[in-house]
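First comes the structure, then the notes that go with it.
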Amino acid sequence: MTIEDALGPLLLPVAIAVAIVAVVALCWHVARRYPSAPKRVPSGLRVDGRPRRLVSRRWLWAAPCILVAVTALVTSLAALHPPPPESVMTIALAFVAIAEVAGLTAWTIDRQIEFGRKMTYRIAPARLLRVSAPLLLTIAVAVFLALRPT
């Protein structure tokens, strides 16, 4: 008996729910932070921890809107064309990765607001890696599961 046999019927719906809740929480977080954000914020963070060019604070909504669209698309595809039982775990990990991207995006938006307020000038690359580590691990496990021989 594998984990897919034991958790199969519940695994995908729970993973989809986790992703949807995380994306909704991200949108709520941005809506809460947006009114107090400075008029200009960096468009993102570089790999070395420095901010990118300054843009209007409306760009804080770009990543949440993209995540909403991706989550809606992948959820509708999973509902319309249920995956075969051997790939349910991989698809569930993809939804967990979406939830982790939502959390990482919330963290990044907070840093963009800090940069816009001139509260900080650089994020240590080690800190960026530490914050990204759970997402990178989830992606590595999902790729391993997807590429394993059946």
Side-chain angles (χ1 to χ4, degrees), residues 1-38 41-49 51-52 55-116 120 123-150:
M1 175 183 267
T2 65
I3 192 167
E4 292 153 346
D5 295 335
L7 299 177
L10 295 176
L11 192 61
L12 193 56
V14 168
I16 291 172
V18 167
I20 291 172
V21 167
V23 171
V24 168
L26 170 65
C27 292
W28 177 79
H29 179 73
V30 174
R32 192 173 53 86
R33 297 291 311 253
Y34 184 80
S36 65
V41 295
S43 61
L45 303 175
R46 294 183 181 137
V47 176
D48 64 356
R52 295 187 189 275
V55 295
S56 170
R57 71 180 178 176
R58 287 181 287 179
W59 278 96
L60 293 175
W61 284 103
C65 289
I66 292 169
L67 271 176
V68 166
V70 167
T71 305
L73 176 68
V74 176
T75 301
S76 62
L77 286 175
L80 293 174
H81 306 288
E86 61 272 3
S87 64
V88 167
M89 181 66 87
T90 305
I91 303 297
L93 283 174
F95 282 104
V96 171
I98 289 172
E100 290 174 348
V101 167
L104 183 61
T105 302
W107 182 86
T108 303
I109 286 171
D110 287 345
R111 302 300 78 80
Q112 287 173 277
I113 292 172
E114 286 179 8
F115 279 119
T120 188
I123 305 293
R127 185 173 180 201
L128 289 172
L129 182 62
R130 189 172 60 240
V131 170
S132 304
L135 174 62
L136 297 173
L137 180 64
T138 301
I139 291 171
V141 170
V143 168
F144 173 77
L145 289 176
L147 296 178
R148 72 178 177 189
T150 55

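Values below: every heavy atom of this structure, side chains too, minus hydrogens, waters and symmetry copies. In what follows, residues are counted from 1 in the order of the sequence shown.
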Item checked: Test item: Val101 and Leu26 side chains (from C-beta on) under 4.5 Å apart, heavy atoms -> no

Notebook entry, point to check: Can you list every pair that meets salt bridge (charged side-chain N to carboxylate O under 4.0 Å, His left out) and has a residue in residues 92-110, with sequence neighbours left out?
Noted result: Arg33-Asp110

Checklist line | Heavy-atom side-chain contact between Pro64 and Val23 under 4.5 Å | finding: no

Check: With Arg32, which residues qualify under side-chain hydrogen bond (donor to acceptor under 3.5 Å, both in side chains), at least two apart?
Finding: His29

Notebook entry, point to check: How many angstroms lie between atom CD1 of Ile123 and atom CG of Leu128, to the nearest 0.5 angstrom?
Noted result: 6.5 Å

Check: Rounded to the nearest 0.5 Å, what separation is found between the CZ atom of Phe95 and the OG1 atom of Thr138?
Finding: 14.5 Å

Next item on the list: Under the salt bridge (Lys or Arg N to Asp or Glu O under 4.0 Å) rule, collect the residues that match up with Arg111, sequence neighbours excluded.
Entry: Glu114

Notebook entry, point to check: So which heavy atom on Ala31 is nearest to which on Pro35, and how close?
Noted result: O-CD, 3.2 Å

Note to self: I'd like to know if the side chain of Arg57 reaches the main chain of Tyr34, judged simply by a donor and an acceptor atom lying under 3.5 Å from each other, with no hydrogens or angles considered.
What the structure shows: yes

Next item on the list: Kindly give the heavy-atom pair with the smallest separation between Ala97 and Leu135, and that separation in Å.
Entry: O-CD1, 3.7 Å

Check: To the nearest 0.5 Å, what is the distance between CG (Leu60) and OG1 (Thr105)?
Finding: 11.5 Å

Next item on the list: Quick one: pull up CG in Leu93 and CG in Leu12 and give me the separation to the nearest 0.5 Å.
Entry: 10.5 Å

Note to self: For the CH2 atom on Trp61, are there more than 12 heavy atoms of other groups (residues, nucleotides or ligands in this structure) within a distance under 6.0 Å?
What the structure shows: yes

Check: Can you name the nearest heavy-atom pair linking Leu67 to Ala102, along with the distance?
Finding: CD1-CA, 3.7 Å

Next item on the list: Could you pull out all residues at least two apart from Ser36 that satisfy side-chain hydrogen bond (donor to acceptor under 3.5 Å, both in side chains)?
Entry: Arg117

Checklist line | Any side-chain heavy-atom pair of Ile109 and Val41 under 4.5 Å | finding: no

Note to self: Is it the case that over 12 heavy atoms from other parts of the model lie below 6.0 angstrom from the CZ atom of Arg46?
What the structure shows: yes

Notebook entry, point to check: Looking at residues at least two apart in the chain, or sitting in another chain, which of them share a side chain to side chain contact (heavy atoms under 4.5 Å, CB included) with Pro51?
Noted result: Pro42, Phe115

Margin query: Do Phe144 and Val141 have side chains that approach each other closer than 4.5 Å (heavy atoms only, starting at C-beta)?
Written below: no

Can you give me every donor-acceptor pair (side chain of residues 14-22, partner residue at least two apart or in another chain, under 3.5 Å) with its distance?
none

Note to self: Taking the side chain as everything from C-beta on, heavy atoms only, tell me whether Leu104 gets closer than 4.5 Å to Ser132.
What the structure shows: yes

Notebook entry, point to check: Rounded to the nearest 0.5 Å, how far does OG1 of Thr71 lie from CD1 of Ile66?
Noted result: 11.5 Å

